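A short write-up of the structure that comes next.
Just so it is clear: chains get the letters A, B, ... in the order the sequence lines come, proteins before strands, and each one is counted from 1. Since this is a predicted model, take the numbers as computed values, not measurements.
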Amino acid sequence: MAQGDATVWQDFFDRDAQTVAPELIGAQLAIDGVGGVIVETEAYAPDDPASHSFRGETPRNRAMFGPPAHAYVYRSYGIHWCLNLVCRPGSAVLIRALEPTTGIEAMRARRGLDNVRLLCAGPGRLCQALGVTDALDGLPVTLPPFRIEPPKAPAIVGSGVRIGLTKAIDVPWRFGLGGSPFLSRKL
DNA sequence: CCTAAGATCATCT
DNA sequence: GATGATCTTAGGC
């Protein structure tokens, strides 16, 4: 599975978000050469009260109902952007944290912060560091400016409850690389 | 260490 | 008009 192998990525993402989310831990994700290793994700499903897709399709969440392996970007709390990778219709994986590996200087400049551990430790921070905006909403992640590569080795994945929700707060669909210092919070 | 509040706006009711 | 898949700062212990 390589960058240009759109068919394989289609199949990879054409499954339930809760199945895809843990398998993305350890994958490499970059936008215009700026990014790193995915260390934290969360899954959102169609019948999930906490999911934006729960009440059906609207202009905002349109991308969640489009083809798999595309981006869904939304604004959070009027301030931050958050990046999801679309799986089956109405389901998506929220990318919550990266271990920065490439383009670190660009991230530092965008975030106005030296501390590498905190550059991408949270969905809003990550999007600021990678320059994610709604301009990327609905674009395929198998083509530039995205670059995505599968994990080089099986990751040791832990799980826990999702963060910041008021509904379905006890579903353990948060996944993370065990012991990584780049998580938004300890698992 | 911790909890609390403010920033700020697209979306939905 | 209320809400939120967040982050930062300020202040208490």
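- Stem analysis of DNA chain B (Watson-Crick or G-U pairs, both distances under 3.5 Å, runs of at least three) returns B:1-7 with C:6-12, B:9-12 with C:1-4.
- With respect to A:Arg174 and A:Glu40, a salt bridge is recorded, a charged nitrogen being found less than 4.0 Å from a carboxylate O.
- Contact check, A:Arg96 against C:dT6: a side-chain N or O comes under 4.0 Å of OP1 or OP2.
- The residue A:Arg60 sits close only to the backbone: its heavy atoms come under 4.0 Å of sugar-phosphate atoms, none of a base.
- If you take CD of A:Glu40 and C1' of C:dA5, they are 12 Å apart, rounded to a whole angstrom.
- Candidate nucleotides C:dA5, C:dT6, B:dT13 were compared by shortest atom distance to the side chain of A:Arg55, and B:dT13 ranks first.
- Summarising the geometry, the separation between NE2 on A:His52 and C1' on C:dG4 is reported as 7 Å, rounded to the nearest angstrom.
- When the side-chain nitrogen and oxygen atoms of A:Arg75 are compared with OP1 and OP2 of C:dG4, none of them lie within a distance under 4.0 Å.
- The side chain of A:Thr58 contributes an N or O atom lying less than 4.0 Å from OP1 or OP2 of B:dC12.
- One interatomic measurement links the two molecules: CH2 of A:Trp81 to P of C:dA5, which rounds to 16 Å at whole-angstrom precision.
- Atom NE2 in A:His80 sits roughly 15 Å away from atom P in B:dA10 (whole-Å rounding).
- For A:Met64 and B:dT11, the CE to C1' distance is 15 Å, given to the nearest whole Å.
- Distance, A:Glu57 CD to B:dC12 P: 11 Å, rounded to whole Å.
- Residues forming a ring-ring contact (aromatic ring centres under 6.0 Å, His included) with A:Tyr74 (at least two apart in sequence, or on another chain): A:His52, A:Tyr72.
- In terms of phosphate contacts, A:Arg185 brings no side-chain nitrogen or oxygen within less than 4.0 Å of OP1 or OP2 of C:dT6.
- Atom CZ in A:Arg62 sits roughly 11 Å away from atom P in B:dT11 (whole-Å rounding).
- Looking at A:Arg75 and A:Asp134, no side-chain N of the basic residue comes within less than 4.0 Å of a carboxylate O on the acidic one, giving no salt bridge.
- You won't find any donor-acceptor pair under 3.5 Å spanning the side chain of A:Tyr77 and the base of B:dA7, going by distance alone.
- Here A:Tyr44 packs flat against the base of C:dA5; its ring centre is closer than 5.5 angstrom to the base's six-membered ring, tilted by less than 30 degrees.
- The distance from atom CG of A:Leu165 to atom C1' of C:dG4 is 10 Å, rounded to the nearest whole Å.
- Donor-acceptor pairing under 3.5 Å is lacking for the side chains of A:Gln128 and A:Arg110.
- Defined by atom type and a distance below 3.5 Å, a donor-acceptor pair is present between the side-chain atoms of A:Thr101 and A:Gln28.
- Residues A:Glu23 and A:Arg15 are paired through a salt bridge, judged by an N-O separation under 4.0 Å between the basic side chain and the carboxylate.
- Between A:Arg162 and A:Asp48 there is a salt bridge, with a side-chain nitrogen of the basic residue lying less than 4.0 Å from a carboxylate oxygen of the acidic one.
- Applying the 4.0 Å criterion to OP1 and OP2 of C:dG4, one finds that A:Thr166 has a side-chain N or O inside that range.
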